[in-house]
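Written out below as structure tokens is the structure these notes cover.
When a residue number appears, it is its place in the shown sequence, counting from 1. Note that this is a predicted model, so its numbers are computed, not measured.
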Amino acid sequence: IGNAVFAIQVACGKFGEWHAWGTYPDVSARAKEYYRKFLKNKYHTNENLQKAWNDANVTIDTAGYFPDKHIPGDEGVFRDPEKSMCNIDSRESAQEMVLDAILYFCKILKECMPTVLSGTFYGYYFGTGGDHLKVDGIYAAKGTVDFLAAPFCYGKNRSVDGIPAQRGLLETNR
């Protein structure tokens, strides 16, 4: 197989694009367990978490996982860090979980087939649901992830009178 295959695109999630299966984001027990580790790595202590979240009662073990919670003061996809840090941390954790999965599977691929290029659908521009905002982690994984792919435009954008909007940042990825 090594003589016939030159690249493998690691894929998971809805449409193979690392979007969560079902409702975004993943709120399973495993995602919540990952979230606790994320908070511990980010804040180290309950006191640091309480200060960041402006909540004297929250602890790393009791912190709610609220990736889709709307808090007054938020505007669309924008969050107010003074009021919505619980939401920001929840979303960042979900994004890091996807990044970790991509790196994990690309690493296995490189260990098993070192001459085969490994890549994934990832790195969509801001505004596609917030799933792909950890591109820096992909870029830092040189030798583990060799390429990023993105789909062509959807729907109206593909028609003759549509706006030819790319889903990925082509120039940045170069």
Rounded to the nearest 0.5 Å, what separates atom [atom1] in [X] from atom [atom2] in [Y]?
X      : Y      : atom1 : atom2 : result
Leu99  : Trp18  : CG    : CH2   : 10.0 Å
Cys106 : Gln9   : SG    : CD    : 9.5 Å
Gln95  : Asp100 : CD    : CG    : 12.0 Å
Ile138 : Phe147 : CD1   : CZ    : 11.5 Å
Ile71  : Ile88  : CD1   : CD1   : 8.5 Å
Glu96  : Lys42  : CD    : NZ    : 8.5 Å

Give the cluster check for [X] versus [Y]: same hydrophobic cluster or not, with ILVMFWY residues linked at side-chain heavy-atom distances below 4.5 Å.
X      : Y      : value
Ile102 : Ile8   : yes
Val98  : Tyr139 : yes
Ile60  : Phe66  : no

Under 3.5 Å, is there a donor-acceptor pair linking the side chains of Tyr35 and Asp89? no
Go through the steps for Met85 and Arg79 under the test side-chain contact (heavy atoms from CB on, under 4.5 Å), then give the verdict. CA-CA 8 Å; Met85 207 61 206; Arg79 304 286 177 256; over 6 Å; no
Start with the C-alpha distance between Arg30 and Met97, add both sets of side-chain angles, then the distance that settles side-chain contact (heavy atoms from CB on, under 4.5 Å), and finish with yes or no. CA-CA 10 Å; Arg30 295 284 296 190; Met97 188 168 45; 6.0 Å; no
[X] side chain to [Y] backbone, donor-acceptor under 3.5 Å:
X      : Y      : answer
Gln50  : Val58  : yes
Ser84  : Asn87  : no
Asn54  : Glu82  : yes
Ser90  : Cys86  : yes
Thr120 : Val10  : yes
Asp146 : Ser118 : yes

More than 12 foreign heavy atoms under 6.0 Å from CD of Glu111: is that the case here? yes
Pairwise side chain to side chain donor-acceptor pair (under 3.5 Å) hits with a residue in residues 56-66, at least two apart: Thr59-Thr62
Indicate yes or no: does Lys83 engage Asp74 in a salt bridge with an N to O separation below 4.0 Å. no
Is Glu33 salt-bridged to Lys37, going by a charged N under 4.0 Å from an acidic O? yes
Shortest non-hydrogen pair, Leu49 vs Ala63, comes out as CD2-CB, 4.3 Å
